[in-house]
Amino acid sequence: MTTHASNRRLTRCPNCCVGTLDVFYEVKGIPAHSVLLLETREHAMSYPKGDFAAALCDHCGFIANVDFDPALNAYAEKYESTQSFSPTFNAFAHGLATT
């Protein structure tokens, strides 16, 4: 996928392949992973960082991170995304189950 340097407008949506994506929100230098169990605080603080740029398709409404770098991700045995310790998530899940 290519971008025009002047406005970062993508030439084609990865979802519908028809529309174009316009960036509406950006954050630079954020942790590339949020659900890895790391051994030390130092390891966590030095973990690779990447950029986030949310863009909206003008045709289908799909939103994508156009700055996503798959090389920064490490889905492996240290991946842990359990949400069951969150009271907010448990209330949400309970609401789904009892509705």
Side-chain angles (χ1 to χ4, degrees):
M1 203 177 313
T2 60
T3 63
H4 302 291
S6 61
N7 63 2
R8 292 184 44 134
R9 187 172 169 90
L10 296 175
T11 57
R12 190 172 61 172
C13 172
N15 183 57
C16 70
C17 298
V18 174
T20 55
L21 292 164
D22 284 312
V23 173
F24 64 89
Y25 180 78
E26 291 183 88
V27 181
K28 301 290 184 188
I30 60 173
H33 230 298
S34 62
V35 293
L36 286 183
L37 298 175
L38 301 173
E39 292 78 23
T40 66
R41 182 180 193 281
E42 291 75 25
H43 189 193
M45 296 300 289
S46 66
Y47 197 82
K49 293 174 178 49
D51 297 333
F52 176 81
L56 174 69
C57 174
D58 63 1
H59 180 77
C60 71
F62 184 73
I63 296 174
N65 175 10
V66 296
D67 283 349
F68 178 73
D69 182 354
L72 295 176
N73 282 258
Y75 293 103
E77 69 278 352
K78 292 181 186 249
Y79 176 85
E80 176 57 62
S81 66
T82 300
Q83 298 180 21
S84 61
F85 297 105
S86 164
T88 301
F89 179 80
N90 285 332
F92 168 74
H94 180 66
L96 289 176
T98 58
T99 312

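The analysis underlying the following values was restricted to heavy atoms, covering all of them including side chains, and did not include hydrogens, waters or symmetry mates. Note that the numbering runs from 1 along the sequence shown for the chain.
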Whether over 12 other heavy atoms sit under 6.0 Å from Phe85 CZ: no

Where Glu26 and Ala53 come nearest, the two heavy atoms and their spacing: CG-CB, 3.9 Å

Leu21 versus Arg12, closest heavy-atom pair with distance: CD1-O, 4.4 Å

Minimum heavy-atom distance between Cys16 and His59, given as atom pair plus value: SG-CD2, 3.7 Å

Distance in Å, Gln83 CD paired with Asn90 CG, rounded so as to fall on 0.5 Å steps: 9.5 Å

Hydrophobic cluster membership, Val27 vs Phe68, 4.5 Å side-chain cutoff: no

Path from Phe24 to Val66 over hydrophobic side-chain contacts below 4.5 Å: no

Minimum-distance pair of heavy atoms, taken over all atoms of Cys60 and Asn15: SG-ND2, 3.3 Å

Side-chain touch Phe62/Pro14, heavy atoms, less than 4.5 angstrom: yes

Main-chain N/O of Thr20 paired with Asp58 side-chain donor or acceptor, under 3.5 Å: yes

Distance-minimising heavy-atom pair for His43 and Thr40: N-OG1, 2.9 Å

Residue Phe92 excluded, over 12 heavy atoms near CZ under 6.0 Å: no

Heavy-atom side-chain contact between Asp22 and Leu56 under 4.5 Å: no

Atom of Lys49, atom of Met45 and distance for their closest heavy-atom approach: NZ-O, 3.1 Å

Asp51 side-chain N/O to Gly29 backbone N/O, donor-acceptor pair under 3.5 Å: yes

